[in-house]
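These notes concern the structure reproduced below.
Numbering starts at 1 and runs along the sequence shown. Treat the numbers as computed from the prediction; the structure is a model and nothing was measured.
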Amino acid sequence: MKTLLFASLAGLCGFALAAPPRWTPEKSDKEPGRARISVYRMAPGKQLDYLRWQAAQDEVAKGAGVAPPQVYVHVEGDDWDYLVIFPVTTQEQDKKMDEIARAKGLKTGFPASLEFRQLLSSHTDTLAAGPTTAAELVAAAGK
């Protein structure tokens, strides 16, 4: 069941990204937000290291007024470890988070990217709109 849910979510996200701009919903007060959905397969033995790394990043985000990501833990089915839903941030928020990270002695930029990738076996990132409902998407389609 969880594999089917994950496959449906992944398919919906892929469809949303593949849709030409004319298919995206019109601007409205109820327009879904944007999120980055990441699926991580951790390098062997690096699960706890990743969780500690992510917890430190969550504290940085909190300090910058950015919501921490939602982390889903694999329990059965496909071979991923964590599905993480991040808010899409602005350049100003990114700059603020970098300032806070540096003040905490954390790496930023390319060194941070290298540090993070040492924890991974593989990952994917997808930009998605949501949350929404099927009924809201039907209404946006004008049908």
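- In terms of modelled atom types and a separation under 3.5 Å, the side chain of Gln54 and the main chain of Leu51 share no donor-acceptor contact.
- Judged purely by atom type and a 3.5 angstrom limit, Glu59 has no side-chain atom pairing as donor or acceptor with the backbone of Ala56.
- Counting only heavy atoms from C-beta outward, the side chains of Pro69 and Asp58 approach each other to under 4.5 Å.
- Nearest heavy atoms, Ile85 versus Ala35: CG2-CB, 3.8 Å.
- The minimum heavy-atom distance linking Ala67 with Pro87 is given by the pair O-CG, 3.3 Å.
- Atoms NZ and CZ, on Lys46 and Arg52 in that order, are 11.0 Å from each other to the nearest 0.5 Å.
- Summarising the geometry, atom CH2 belonging to Trp53 is positioned 11.5 Å from atom CD belonging to Gln118; distances are rounded to the nearest 0.5 Å.
- Under a hydrophobic-cluster definition in which Ile, Leu, Val, Met, Phe, Trp and Tyr are linked whenever side-chain heavy atoms come within less than 4.5 Å, directly or via other members, Phe116 and Val60 are assigned to different clusters.
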* Yes or no on side chain to side chain contact (heavy atoms under 4.5 Å, CB included) for Leu120 and Arg41, after CA distance, side-chain angles and deciding distance? -> CA-CA 6 Å; Leu120 301 175; Arg41 289 185 184 130; over 6 Å; no

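- Between the CG atom of Leu83 and the OG1 atom of Thr126 there is a distance of 9.0 Å, given to the nearest 0.5 Å.
- Here the straight-line distance linking atom CD of Gln57 with atom CG of Leu106 works out to 6.0 Å at 0.5 Å rounding.
- Closest heavy-atom contact between Ile100 and Gly63: CD1-C, 3.4 Å.
- Under a 4.0 Å N-O distance rule, the pair Arg36/Asp125 qualifies as a salt bridge.
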* Starting from the C-alpha separation in whole Å, work towards a yes-or-no answer on side chain to side chain contact (heavy atoms under 4.5 Å, CB included) for Val66 and Met97. => CA-CA 9 Å; Val66 174; Met97 288 189 292; 4.2 Å; yes

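- Salt-bridge check for Lys95 with Asp98: failed, with every basic side-chain N at 4.0 Å or more from each acidic carboxylate O.
- Nearest heavy-atom pair, Thr132 versus Glu136, reported as atom, atom and distance to 0.1 Å: OG1-OE1, 2.8 Å.
- Side-chain contact, Thr89 with Asp94: a donor N or O sits under 3.5 Å from an acceptor N or O.
- Taking both residues in full, the closest heavy atoms of Thr108 and Ala101 are given as CG2-CB, 3.8 Å, listed atom of the first, atom of the second, then distance.
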* **Criterion side chain to side chain contact (heavy atoms under 4.5 Å, CB included) on Gln70 and Val84, from CA distance to verdict** => CA-CA 6 Å; Gln70 298 173 0; Val84 187; over 6 Å; no

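- A donor-acceptor pair under 3.5 Å links the side-chain atoms of Asp81 to the main chain of Met42, judged by distance alone.
- Aromatic ring centres of Tyr40 and Trp80: separated by at least 6.0 Å.
- Residue Glu115 holds its CD atom at 4.5 Å from NZ of Lys107, rounded to the nearest 0.5 Å.
- Between Tyr82 and Tyr72, the distance from one ring center to the other does not fall under 6.0 angstrom.
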